[in-house]
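Some notes on the structure that comes next.
The first residue of the sequence shown is numbered 1, and numbering continues consecutively from there. None of the values given here were measured: they were computed from a predicted structure.
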Amino acid sequence: ESIEVFVSMETFLSLDTVRFIRACHPAVTVGLNVDRYRLFDHSIADHTLAHPRRHVTERLRAIAALMAVPWHEGTDLADALGPTQRLPQPHVLINTHGAAPERSFSPRSVQWLLDAIHERHPTAHVLLSSPIQARESLHPILHAHAAHVSFVQADLPLTAWMRHIAACDAVVSTDTGAGHVAAALGVPLAVFFADTHYNPVVWMPQGQDVYPVLPQRAGHVDSFDPTMAVAALNEVLRSKKGQAYGLQA
């Protein structure tokens, strides 16, 4: 099918984007035309990098203005999903894996999180979201918490996956898309980062009940600060939504 508008948010142009544009011939292209290339019809470059998150937001605002569409600060994701089924008992979702090994929890960290959650709420049911290939290493952990832990069904369609998140009372996740979905749906979130500066500043999900956990040393999400982690878990387990469902620290 023909593509009317293609928008790129890349700061550094990838070969895939160039190939895509050449193959699909969008009627209008929007992107960052920096000095080294002039690929796009319209430039939304804003090179005031004093605050990276503001830089990203300003690019989004510029796209909205260019497309003559209204800009608003909220999210329509909850409305798009419709009514969410209320689960009969408190549920916490742990998303164990990110986009790289250093952004994924080890079994030891998953065990720590399960122990910390059940210490605060022994009857909470924990849903584990993990790739199929990683589940074997987690089975011994499930055995120890058999009554209150289960895996999320693998290969769920995106909408069904979002409904799982929306139905939970809290989400614990590495730095990846699950956290952004939880924040957009207003589900209390403890998000664990592998670095101490760039990602927490630029990419941390925005929301009222979002609690970051930074590593004691940059390089791997497993090196999280346990004091900060406990504080974040306490916050998400006693959030307004958690209290409404009977989940309290």
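Among L233, L93, L189, the single residue meeting the side-chain contact (heavy atoms from CB on, under 4.5 Å) criterion with V172 is L233. Among the candidates L127, V149, T174, L114, the single residue satisfying the side-chain contact (heavy atoms from CB on, under 4.5 Å) test with I94 is L114. Among F192, F224, F105, the single residue meeting the ring-ring contact (aromatic ring centres under 6.0 Å, His included) criterion with W112 is F224.
Considering every non-hydrogen atom in both D225 and Q216, the closest pair reads CA-CG, 3.6 Å. Smallest separation of non-hydrogen atoms from E102 and G219: CB-O, 3.2 Å. Taking every heavy atom of both residues into account, V213 and A232 meet most closely at CG2-CB, 3.6 Å. Nearest approach of A166 to L185, heavy atoms of both residues: CB-CD1, 3.7 Å. Nearest approach of V221 to S104, heavy atoms of both residues: CG1-O, 3.3 Å. For the residue pair Y211 and V236, the shortest heavy atom distance occurs at CD1-CG1, 3.6 Å.
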For the pair R108 and D222, evaluate side-chain contact (heavy atoms from CB on, under 4.5 Å) and give the outcome as yes or no after the intermediate values. CA-CA 9 Å; R108 182 178 179 182; D222 273 349; over 6 Å; no
Show, in sequence, the C-alpha distance, side-chain angles and deciding distance for I132 and R135, and conclude whether the side-chain contact (heavy atoms from CB on, under 4.5 Å) test is met. CA-CA 5 Å; I132 292 291; R135 295 189 177 189; 4.2 Å; yes
Checking T159 against L81 for the side-chain contact (heavy atoms from CB on, under 4.5 Å) test, could you report, in this order, the C-alpha distance in whole Å, the side-chain angles of both residues, the deciding distance, and whether it holds? CA-CA 7 Å; T159 302; L81 285 179; 3.7 Å; yes
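Annotation for D79: atom CG counts as buried by contact number, over 12 foreign heavy atoms lying within 6.0 Å. Heavy-atom neighbours of H197 NE2 from other residues, nucleotides or ligands within 6.0 Å: at or below the threshold of 12.
Listed by first and then second residue, the salt bridge (Lys or Arg N to Asp or Glu O under 4.0 Å) pairs that reach into residues 179-202 come to none, sequence neighbours excluded. Contacts classified as salt bridge (Lys or Arg N to Asp or Glu O under 4.0 Å) and involving residues 170-184 (residues at least two apart or in different chains) are given here: R103-D175.
In this structure, H220 contributes its side chain and P101 its backbone to a donor-acceptor pair below 3.5 Å. Remark: side-chain polar atoms of Q153 are not paired, donor with acceptor, to backbone N or O of F151 under 3.5 angstrom.
For the pair R120/V230, a side-chain contact is recorded, criterion being any heavy-atom separation below 4.5 Å from C-beta on. A 4.5 Å side-chain heavy-atom check between D209 and E235 finds every atom pair outside the cut-off. Side-chain contact between I165 and V171 is present, with at least one heavy-atom pair separated by less than 4.5 Å. Side-chain atoms of F40 and V30, non-hydrogen and from C-beta on, never get closer than 4.5 Å to each other.
For the residue pair H121 / T123, a side-chain donor-acceptor distance below 3.5 Å is found, with atom types taken as modelled.
There is a path of hydrophobic side-chain contacts, each under 4.5 Å, that joins L158 to V152.
The distance from atom CD of E136 to atom OG of S130, rounded to the nearest 0.5 Å, is 13.0 Å. Between the CE atom in M204 and the CG atom in L214 there is a gap of 9.0 Å [rounded to 0.5 Å].
For the side-chain hydrogen bond (donor to acceptor under 3.5 Å, both in side chains) test, residues two or more places apart in sequence or in another chain that qualify with H125 are S150. By the side-chain hydrogen bond (donor to acceptor under 3.5 Å, both in side chains) test, T196 pairs with no residue at all, sequence neighbours left out. Shown here are the side-chain hydrogen bond (donor to acceptor under 3.5 Å, both in side chains) partners of Q111, two or more places apart in sequence or in another chain: D115, H145.
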Taking distance alone, no hydrogens or angles, what donor-acceptor pairs closer than 3.5 Å link side-chain atoms of residues 18-29 to residues at least two apart or in another chain?
unit_1, atom_1, unit_2, atom_2, d
H25, NE2, R22, O, 3.0
T29, OG1, D41, N, 2.9
T29, OG1, D41, OD2, 3.3

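Ring planes of H148 and H118: tilted class, angle from 30 to 60°.
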